[in-house]
Amino acid sequence: MQGLIQRVSCAKVEVDGEVIGEIKTGLVLLLGVEKEDTQAHVAKLLHKVTNYRVFTDNDGKMNLSLKDIAGELLVVSQFTLAADTRKGMRPSFSSAAVPEHANALYELFVQQARELGLKVATGQFAADMQVTLCNDGPVTFNLAV
């Protein structure tokens with residue numbers, strides 16, 4: 001399971017011209033699910049996303065987490081994170097989970113994030129989405145579990 005997080009001052013996701021998810025200060029998580037991923041991977045990645053210290057403290061150091069700042073989370077499914085790009089000029093998606101498995105883990109991630117009390121917005125699984133964000137920093141990290 002992979003999560004690409006971006007620290008943002010605002011973000012939104014649209015489907016067919018309609019905003020379906022929007023956040024203010026927080027993180028955008030592009031979530032990629034692979035074949036071998038399980039509920040345990042969901043728990044590990046959720047812990048990492050919510051506790052990873054990417055927000056600045058009063059001294060200007062990245063010392064605060066999403067939980068520390070009571071930030072918001074926009075979760076967008078992105079199967080292309082599972083791509084193998086090491087050979088050739090076309091990505092291979094052979095390690096990506098089948099849609100049913102990926103969607104189940106995506107939905108579980110969102111549910112568990114909400115149970116933590118976070119404000120969580122989402123994209124739409126397997127939809128053609130337009131994601132707009134203001135990357136603060138820019139700060140972007142690839143989290144793998």
Exercise. State yes or no: do Ile69 and Leu143 share one hydrophobic cluster built from I, L, V, M, F, W and Y residues joined by side-chain heavy-atom distances below 4.5 Å, directly or via other members?
Key: yes
Exercise. Using the test salt bridge (charged side-chain N to carboxylate O under 4.0 Å, His left out), find all partners of Lys119 that sit at least two apart in sequence or belong to another chain.
Key: Glu72
Self-check item: Distance, nearest 0.5 Å, that separates CZ of Phe109 from CG of Asp37
Solution: 12.0 Å
Exercise. For Ala126 and Ser77, work out which heavy atoms get closest and say how close.
Key: N-OG, 3.9 Å
Quiz item: When hydrophobic residues are tied together by side-chain contacts of less than 4.5 Å, even through go-betweens, does Val15 share a cluster with Val120?
Solution: no
Practice problem: Give me the one residue out of Leu4, Leu133, Leu30 that meets side chain to side chain contact (heavy atoms under 4.5 Å, CB included) with Val76. | Solution: Leu30
Exercise. Quick one: pull up OG1 in Thr38 and NE2 in His41 and give me the separation to the nearest 0.5 Å.
Key: 5.0 Å
Practice problem: List the steps and the verdict of side chain to side chain donor-acceptor pair (under 3.5 Å) for Glu115 and Gln111. | Solution: CA-CA 6 Å; Glu115 288 171 359; Gln111 173 193 341; 2.9 Å; yes
Exercise. State whether the side chain of His47 and the backbone N or O of Lys44 hold a donor-acceptor pair below 3.5 Å, judged by distance alone.
Key: no
Quiz item: Looking at CD of Glu14 and CD of Gln124, how far apart are the two atoms once the value is rounded to the nearest 0.5 Å?
Solution: 13.0 Å
Exercise. Just jot down the salt bridge (charged side-chain N to carboxylate O under 4.0 Å, His left out) partners of Arg86, sequence neighbours excluded, or say none.
Key: Asp84
Quiz item: Side chains of Met1 and Val42: does their closest heavy-atom pair fall under 4.5 Å?
Solution: yes
Exercise. Answer whether the closest heavy-atom distance between the side chains of Glu22 and Cys10 falls below 4.5 Å.
Key: no
Quiz item: Do Val54 and Gln6 have side chains that get closer than 4.5 Å, going by heavy atoms?
Solution: no
Quiz item: Are any side-chain N or O atoms of Gln2 and backbone N or O atoms of Leu81, one a donor and one an acceptor, separated by less than 3.5 Å?
Solution: yes
Self-check item: Mutual orientation of the aromatic rings belonging to Tyr106 and Phe125 [parallel < 30°, tilted 30-60°, perpendicular > 60°]
Solution: tilted
Quiz item: NZ/Lys87 to OG/Ser92 distance, rounded to the nearest 0.5 angstrom?
Solution: 9.0 Å
Quiz item: Are any non-hydrogen side-chain atoms of Asn135 and Thr140 less than 4.5 angstrom apart?
Solution: yes
Self-check item: Non-hydrogen side-chain atoms of Thr50 and Leu27 separated by less than 4.5 Å
Solution: no
Quiz prompt | For Asp136, all residues meeting salt bridge (charged side-chain N to carboxylate O under 4.0 Å, His left out), sequence neighbours excluded | solution = Arg7
Quiz prompt | Shared hydrophobic cluster, Val33 / Val28 (ILVMFWY, side-chain heavy atoms < 4.5 Å) | solution = no
Exercise. Group every Ile, Leu, Val, Met, Phe, Trp and Tyr by side-chain heavy-atom contacts under 4.5 Å, then state whether Val110 and Leu74 land in the same group.
Key: no
Quiz item: How many angstroms lie between atom OG of Ser65 and atom CZ of Phe55, to the nearest 0.5 angstrom?
Solution: 8.0 Å
Quiz prompt | Stepwise side-chain contact (heavy atoms from CB on, under 4.5 Å) check, Arg114 with Thr122 | solution = CA-CA 11 Å; Arg114 287 181 172 144; Thr122 65; 3.9 Å; yes
Quiz item: Which pair of non-hydrogen atoms, one from Gly21 and one from Ala121, has the smallest distance, and what is that distance?
Solution: CA-CB, 3.9 Å
Quiz item: Taking the side chain from Asn103 and the backbone from Glu107, do they hold a donor-acceptor pair closer than 3.5 Å?
Solution: no
Practice problem: Could you point out which residue of Asp59, Asn58, Leu64 forms a side chain to side chain contact (heavy atoms under 4.5 Å, CB included) with Lys61? | Solution: Asp59
Practice problem: Answer yes or no: is there a side-chain heavy-atom contact under 4.5 Å between Val13 and Val19? | Solution: no
Quiz item: Is Arg53 atom CZ crowded by more than 12 heavy atoms from other residues, nucleotides or ligands, each under 6.0 Å away?
Solution: no
Quiz item: Can you tell me how far CG of Leu31 sits from CD1 of Ile5, rounded to the nearest 0.5 angstrom?
Solution: 12.0 Å
Quiz prompt | Whether Ser95 side chain and Glu34 backbone form a donor-acceptor pair below 3.5 Å | solution = no
Quiz item: Any chain of hydrophobic side-chain contacts (each under 4.5 Å) joining Val131 to Leu29?
Solution: no
Quiz item: Is there a side-chain contact between Met62 and Val139 (heavy atoms, below 4.5 Å)?
Solution: yes
Self-check item: Which atom of Ala113 lies closest to which atom of Leu73, heavy atoms considered
Solution: CB-CD2, 4.2 Å
Self-check item: Evaluation steps, side-chain contact (heavy atoms from CB on, under 4.5 Å), between Val98 and Glu100
Solution: CA-CA 6 Å; Val98 297; Glu100 297 78 21; 3.8 Å; yes
